[in-house]
Amino acid sequence: MDCRRAETYVLNELRQHLSPTLYYHGLHHTLDVLAQAQSLAEAEGVTDAEALMLLRTAALYHDSGFMTTYIGHEEAGCELVKRTLPGMGYSADQIELICRLIMATKMPQNPGDLHLAQILCDADLDYLGRPDFWPISQTLYVELQARGMAPDEQKWNEGQVDFLQGHQYWTASATARREASKQARLAEAQARLK
């Protein structure tokens, strides 16, 4: 498994082919998810080198489908994985696991009891419990506006409250790091509705 080649390939593709109107789902988001996934894996005690490499690959490819489609981007990302990674030494089993990890991030998230999927899902929505929640959530709103998919501001704020209330972190490490701050963001979102 040539992880470096897979990483170089997908990063170059993302730089060249992601729409500039992906204000939230741009390359910066992929790199943030990668960093958070690696940090959470360490905190969760994942030490198996192959598991860490597969998690890294899944993080880098998890939103690669945005290069070709907005709706159903997870499936499109899995198609890219299946098309490119066999030529980089990934086995069929490794590719299947990477696709399971990517598909777990589809909303509503569904990692089941697969620990690596729980880590990737928590990394993908790490910002919900961070101080930069508001500016990041605004980039998602602007991204949706650019596609004619954004509700009015009142409905958006109601949706933020619903999303924060319904969200759960899957790993103990993400819960410990982010849950209290996420609850603070929820209180702020509720205050905006008043």
Side-chain angles (χ1 to χ4, degrees), residues 2-40 55-85 87-88 90 95 98-99 101-109 117 119-164 167 178 181-182 185 188-189 192:
D2 191 344
C3 297
R4 288 219 185 275
R5 188 169 157 216
E7 178 175 338
T8 300
Y9 170 80
V10 75
L11 289 174
N12 285 337
E13 289 293 300
L14 292 171
R15 282 186 191 100
Q16 293 176 38
H17 300 293
L18 283 178
S19 167
T21 62
L22 288 169
Y23 304 109
Y24 174 85
H25 289 106
L27 179 60
H28 60 283
H29 169 70
T30 295
L31 295 175
D32 182 56
V33 171
L34 173 62
Q36 299 306 326
Q38 291 177 304
S39 175
L40 282 171
L55 177 64
R56 182 177 177 87
T57 302
L60 287 167
Y61 280 79
H62 88 283
D63 278 346
S64 62
F66 278 113
M67 292 187 287
T68 57
T69 188
Y70 200 80
I71 305 297
H73 69 273
E74 296 91 355
E75 292 85 353
C78 286
E79 289 305 313
L80 180 66
V81 163
K82 291 173 185 175
R83 190 171 65 249
T84 60
L85 294 187
M88 299 180 198
Y90 286 74
I95 289 168
I98 290 167
C99 286
L101 298 180
I102 291 170
M103 292 306 298
T105 66
K106 186 172 185 166
M107 296 299 164
Q109 291 182 332
I119 291 169
L120 185 58
C121 285
D122 284 350
D124 195 23
L125 293 178
D126 182 72
Y127 83 100
L128 296 179
R130 292 194 327 223
D132 57 357
F133 168 79
W134 289 110
I136 290 176
S137 69
Q138 185 63 27
T139 65
L140 180 56
Y141 185 61
V142 174
E143 179 178 302
L144 292 171
Q145 282 182 318
R147 286 158 180 77
M149 299 169 68
D152 64 47
E153 194 169 345
Q154 177 69 18
K155 293 277 187 213
W156 172 254
N157 287 329
E158 290 169 3
Q160 293 285 81
V161 168
D162 290 345
F163 192 75
L164 288 165
H167 173 265
R178 302 295 188 215
S181 181
K182 184 184 81 175
R185 302 297 79 79
E188 292 165 1
R192 288 183 174 204

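These numbers come from the heavy atoms of this one structure, side chains and all, not from hydrogens, waters or symmetry mates.
Ring centroid separation for the pair H62 and H29 comes in under the 6.0 Å cut-off.
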I'd like a table of donor-acceptor pairs (distance under 3.5 Å, sequence neighbours excluded) in which one partner is a side-chain atom from residues 75-84, with atom names and distances.
from: E75; atom 1: OE2; to: K106; atom 2: NZ; distance (Å): 2.6
from: T84; atom 1: OG1; to: L80; atom 2: O; distance (Å): 2.8

Side-chain donor/acceptor pairs under 3.5 Å, residues 141-148, sequence neighbours excluded:
from: Y141; atom 1: OH; to: P151; atom 2: O; distance (Å): 3.0
from: E143; atom 1: OE1; to: Y23; atom 2: N; distance (Å): 3.2
from: E143; atom 1: OE1; to: Y24; atom 2: N; distance (Å): 2.7
from: E143; atom 1: OE1; to: H25; atom 2: N; distance (Å): 2.9
from: E143; atom 1: OE2; to: H25; atom 2: ND1; distance (Å): 2.6
from: E143; atom 1: OE2; to: Y70; atom 2: OH; distance (Å): 2.5
from: R147; atom 1: NH1; to: T21; atom 2: O; distance (Å): 3.1
from: R147; atom 1: NH1; to: T21; atom 2: OG1; distance (Å): 3.4
from: R147; atom 1: NH1; to: E143; atom 2: O; distance (Å): 3.0
from: R147; atom 1: NH2; to: T21; atom 2: OG1; distance (Å): 2.9

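No donor-acceptor pair under 3.5 Å is formed between the side chain of S39 and the backbone N or O of A35. At least one donor-acceptor pair under 3.5 Å links the side chain of T68 to the backbone N or O of G65. Counting only distance, with no hydrogens or angles, the side chain of R192 and the backbone of V161 share no donor-acceptor pair below 3.5 Å.
Under the rule for a salt bridge (charged side-chain N to carboxylate O under 4.0 Å, His left out), the partners of D126 that lie at least two apart in sequence or sit in another chain are R130, R178. Applying the side-chain contact (heavy atoms from CB on, under 4.5 Å) test to R15 and every residue at least two apart in sequence or in another chain returns L11, N12, L27. A104 meets the side-chain contact (heavy atoms from CB on, under 4.5 Å) test with P111, A117, C121; sequence neighbours excluded. Qualifying salt bridge (charged side-chain N to carboxylate O under 4.0 Å, His left out) partners for E13, counting only residues two or more places apart in sequence or in other chains: none.
Atoms OG1 and CH2, from T139 and W134 in turn, are 12.5 Å apart once rounded to the nearest 0.5 Å. A distance of 5.0 Å separates NZ in K182 from NE2 in H167, rounded to the nearest 0.5 Å. Once rounded to the nearest 0.5 Å, the distance linking CG of L128 with CZ of F133 reads 6.0 Å. Between atom CE of residue M103 and atom CG of residue L120 there is a gap of 12.5 Å, rounded to the nearest 0.5 Å. Taking CG of L101 as the reference point, atom CD of E74 lies at 13.0 Å (rounded to 0.5 Å). Taken from CG in D124 to CD1 in I119, the straight-line distance is 13.5 Å, to the nearest 0.5 Å.
Taking both residues in full, the closest heavy atoms of A123 and L40 are given as N-CD1, 3.8 Å, listed atom of the first, atom of the second, then distance. Scanning all heavy atoms of the two residues, the minimum distance from A6 to Y61 falls at O-OH, 3.1 Å. When all heavy atoms of Q160 and S137 are compared, the closest pair comes out as NE2-CB, 3.2 Å. Nearest heavy atom pair, residue L60 against residue T30, reads O-CG2, 3.6 Å. In terms of heavy-atom proximity, A37 sits nearest to L55 at O-CD2, 3.8 Å. Taking every heavy atom of both residues into account, I102 and T105 meet most closely at O-OG1, 2.6 Å.
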Audit row: D2, R4, side chain to side chain contact (heavy atoms under 4.5 Å, CB included) steps and yes/no: CA-CA 6 Å; D2 191 344; R4 288 219 185 275; 4.0 Å; yes
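The closest side-chain donor-acceptor pair between R185 and S181 falls under 3.5 angstrom.
Between D122 and Q36 the shortest side-chain heavy-atom distance does not fall below 4.5 Å. Here the side chains of L140 and Q138 are not in contact, with every heavy-atom distance at 4.5 Å or above. Side chains of L14 and Y9 form no contact here, defined as non-hydrogen atoms less than 4.5 Å apart. Looking only at side-chain heavy atoms (C-beta outward), Q109 and L125 come within less than 4.5 Å of each other. Side chains of T57 and Y90 form a contact here, defined as non-hydrogen atoms less than 4.5 Å apart.
At most 12 heavy atoms of other shown residues, nucleotides or ligands fall within 6.0 angstrom of atom CD in E153.
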